[in-house]
Amino acid sequence: MNEHLSRAFFARPTLDVARDLLGKRLTRRLSGERLSGYIIEIEAYVGEDDQSSHARPGLTARNAPMYGPPGFTYVYLIYGMYHCLNFVTEREGYPAAVLVRALEPLEGLTTQQHLRGPQHPPRDLARGPGRLCQALAIDLTLNARDVCADDAPLWIEDAPPIAESRVARSPRIGVRGDDRAVSIPWRFYLRESPWVSGKVSFNRHHAKTGQ
DNA sequence: GCAATGATGCACT
DNA sequence: GTGCATCATTGCG
């Protein structure tokens, strides 16, 4: 039901964590109100050898949470205006995380729409990593926070697993680096979901069953 | 529909 | 000074 995901869930291989987070409920408590949505798109960033990972240059002040214990957030500012939400995975000391890219909005829709701005269509509430952070009021104050703690402002609630037939994989969005980094299919999303970010043609072209 | 571009702050070379 | 794991707007067809 409302069981929070434990640290053991995050302390596993990053690709497994990413795959298994599909369908789980990302929940934010803001001024006593619940804002939530199902995770329907997520990417994995694994180790310093991953060309498109923030951990590529080694430990820095910004990417330090990626080297910390699993089950913590890594929130960063991108392009000066948007935030991206990650969850740290694997063992402490090994830099890996998953980037949440899109949600199917569930609770607190009025507040989420208000946070995003009334001019935006409901479909774009949380379709994209920057947008979902706006919809759930996620900024740098939520960086390096323990999502497994009882009093966390942000956590993940368990939900029934998603059938393999509904999972699609593709290369990650907006990556730089060598051919391997660009082409490796470490983006997981729910096939057929209208809440997935990016272009339909891209998703259809790359859609294939996971694992 | 789509591509091009501007907005904007901060970490890092 | 440079370059982003992005999004919204514009201008084209």
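Order of the sequence lines fixes the chain letters, A, B, ..., with proteins taken first and strands second; residue numbering starts at 1 for each chain.
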Can you tell me the distance, in whole Å, between the [atom1] atom of [X] and the [atom2] atom of [N]?
X	N	atom1	atom2	value
A:E41	C:dA5	CD	P	16 Å
A:L85	C:dC7	CG	C1'	17 Å
A:M81	C:dT9	CE	C1'	12 Å
A:L59	B:dA11	CG	C1'	13 Å
A:N143	B:dG9	CG	P	19 Å
A:R187	C:dT6	CZ	C1'	14 Å
A:Q51	C:dG3	CD	C1'	16 Å
A:Y82	B:dC10	OH	P	16 Å

[X] side chain: which of [options] is closest?
X	options	answer
A:Y79	C:dC4, C:dC7, C:dA5	C:dC4
A:I173	C:dT6, C:dA5, B:dC10	C:dT6
A:I78	C:dC4, B:dC10, B:dC12	C:dC4
A:R62	B:dA11, B:dC10, C:dA5	B:dA11
A:N86	B:dG9, B:dA11, C:dA5	C:dA5

State, without any angle test, whether [X] and [Y] hold a side-chain donor-acceptor pair at a distance under 3.5 Å.
X	Y	result
A:R187	A:S170	yes
A:E48	A:S53	no
A:N143	A:T141	no

Legend entry - Contact under 4.0 Å: A:R131 side-chain N or O vs C:dA8 OP1/OP2: yes

Inset, instruction - May I ask you to evaluate whether A:R101 reaches the phosphate of C:dT6, defined as a side-chain N or O under 4.0 Å from OP1 or OP2? - result: yes

Inset, instruction - Scan A:L99 against the nucleic acid and name what it touches under 4.0 Å (heavy atoms): base, sugar-phosphate only, or nothing. - result: base

Inset, instruction - Answer with base, sugar-phosphate or nothing: what part of the nucleic acid does A:R116 contact at a heavy-atom distance below 4.0 Å? - result: sugar-phosphate

Legend entry - Pairing nucleotide - C:dA5, Watson-Crick or G-U, each distance under 3.5 Å: none

Legend entry - B:dG1: pairing nucleotide in any strand, Watson-Crick or G-U under 3.5 angstrom: C:dC12

Legend entry - Student check: side-chain heavy atoms of A:E43 and A:Y189 closer than 4.5 Å: no

Inset, instruction - For this output row, return yes or no: ring centroids of A:Y76 and A:H83 closer than 6.0 angstrom. - result: no

Inset, instruction - Would you mind telling me which residue lines up with the more 5' stretch of DNA chain C, A:H120 or A:V175, judged by nearest nucleotide? - result: A:V175

